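Note sheet for the following structure.
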Amino acid sequence: MKKLLSLTLASCLMCASLPVAGAAADALTVDATWKVLVPEAPTVYETFAAEKLVDCLAEVFGTAPETVTAPEEPYIALGSAALTDVSAVAGNGYRIQTIDGNIHVNGTGVRGLQTAVYRFLEEFCGRRVYTEEITLLPKADAISVPADTDIVYEPFFEYADADGLSPCDVEYSMANGLTGGTYRQLPEEMGGTVNYLGGFCHTMGGLCETGDYAETHPEYLALHDGKRTTDQPCLTEPEVLRIATKNVLKLLEEGHDPAASVQIVSVTQNDNYNYCECERCRAFEEAHGGVQSATMLYFVNQIADAVKEAGYDNVAIDTFAYQYTRKAPTGIAPRDNVIVRLCTIECCFCHPLDDGTCQRNAELMKDLRDWSAICNRIYVWDYVNNYANTCIVFPDFGVLQRNIQVFYENGVRGVYEEGNYYIRNCDTEFGELRAYMIAKCLQDPYREMENEIDGFLSAYYGPAGETVKTILEMYLSHDPDSFGGHLGIGESPAASFYFTDREVSEMDAYWAAAKEAAAGSEEYLARVERSELSWRFWKGSEGKAEFSVLNPKRFYEKQKLFEDLQAFGVKQLSEGSYEDYLDCICVRYVPVNEWNMYEADESAARARAFFGKIYEKCLVPVLSAFGLFYKISQAVNRNRPEDTNQ
Ligand SMILES: [Zn+2]
Ligand SMILES: [Zn+2]
């Protein structure tokens, strides 16, 4: 399972035949006089690849290189016009090679060649697609390609999907390797996407038609707690298997795509724990490790066999290792065309998954390794968001890359990073950065990320990029024990990260510096301010700095944050509370993270507002002495030596 990456071979034979002798042989100088060589009857993939290359080189050089169908040296040859041997390169991989002073680019599968062109542009032209709106492509008279270039790439994952704003964009997905079909549909010439046919998850009820047989055939239904329930089917009932198989084949008859690299049909448990406990199911499970995944796998294997027998070679049947099916069975293994999708919902995201000291993650790692021992097609459903307090920063940046490496090293072949899928209603932190990091790591988990992150920050925040990087590092600088030890996907602001008052002042100074640096550009400034909302939201939740109980202006600060959130289009504060915080009438009087707990017409909200007003208008003036003290302490903090701005 070893991957070759950026492998540069110093082949004597190649050097000997180069046209330029001596030290000059180190690099080829490619400019607008080079030709792009394509086959006479190109495929749609080759046409797309050639157009992409020519368009981008035209942007770099200011003149488009000519496309030819017969070799005119020097040239960049594409697809079947290239001499490079790709017979040993895995599906959807590619090879970029210099031979005799020309460049040869070819790929395998449905998107190898096209992604090779994107790689060429990234590697040798410095092209980056950071977001849907920001593409970097430096201009130059010529670009340099090492004369001994031989880049071989094979995809680390056959399926890569992520939530976010830019991940929905086709060009961004193509440049950054997102191939799943949930959020984007890449057209045929780009190689298409890996799609789930039918539902994406929890499809069992529909496939087994459990609801239809409640009266006529209760034995088709799960027997749970002594009662038949439509919540799940009985997975060892032959008739249920027949019905589900028929429905899967029907889906394929109607929607099979023979050109797809992989097409997936999900056969996944419904989202409840009411699995069948009938004697037959229990006996089967007892004989296979005593776990419910045994009957699930038995059921799914039969369907996978039927699908294979029907000739659907590029189709895989997907099932979950989730909640009660998370543990691997014994004595039964998934078929080659079965995908087992393991879910990290219970994990901790401030420790890497393979950090043995984190108990939550240790349990998942055991399950991952157990599955890995019997399954060569594990997919992972991973999480990269705080679903309860989405406005604050989810400080998982330190584990993103390592976790994706862990997946790869344990035989995982597909990854879905479930993030802030409602970001259009709640975009306050570092969503675009996280999406970019995820995409780049899925494309190559061992990529050098430091430069990628620096490049992104400078393109996205402009001159404020460096300061934003310091801010990000501040979030990751604390021992998890200072905020509860672990980081789940629904933590309170207090349990997500921790800052002393002194550090809060430091962070405030960094944010102020970032805004100052970005002040020359409306765009950069708006991005900094948007990300700063997450910091202000945390302070407002924790009563820090300007939201401190010692500051008489804190009511005004909350009101202002509330209005700024709305100005930035934030309609939602968490996964489940769509637009409800907009009704809150007590924004000035409750911690910010409690805004979505009150609705305007609730008596509790009215009471909060009533007493809050009395407090603000009558009591607070009495406490103004404290306010004065607060102002002095703030001033002292602000006038600390400039070293906080480093
Ligand atoms: Zn049963
Ligand atoms: Zn942990």
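By convention here, the first residue in the shown sequence is residue 1. In this text the structure is predicted, and so the values were computed from the model without any measurement. In listed order, ligands and their atoms are each counted from 1.
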*If you draw a sphere of radius 2.8 Å around the Zn ion (ligand 2), how many protein N/O/S atoms end up strictly inside it?*
4

*Hey, are R402 and E409 close enough for a salt bridge, meaning a charged N less than 4.0 Å from a carboxylate O?*
yes

*asked:* So for atom NZ, which belongs to K246, do other residues, nucleotides or ligands contribute more than 12 heavy atoms lying within a distance under 6.0 Å?
replied: yes

*Evaluate the ring planes of W381 and F320, with Trp represented by its six-membered ring, and classify them as parallel (under 30°), tilted (30 to 60°) or perpendicular (over 60°).*
perpendicular

*asked:* For R242, is there an ion pair with E239 - N to carboxylate O distance below 4.0 angstrom?
replied: yes

_Geometric class of the F499/H478 ring pair [parallel <30°, tilted 30-60°, perpendicular >60°]_ = perpendicular

*Kindly indicate, with the supporting measurements, whether the criterion ring pair (Phe, Tyr, Trp, His ring centres under 6.0 Å) is fulfilled by Y461 and F456.*
CA-CA 8 Å; Y461 295 106; F456 178 95; 7.2 Å; no

_Metal site angle (apex the Zn ion (ligand 1)), SG from C278 and SG from C281, 10 degrees_ = 110°

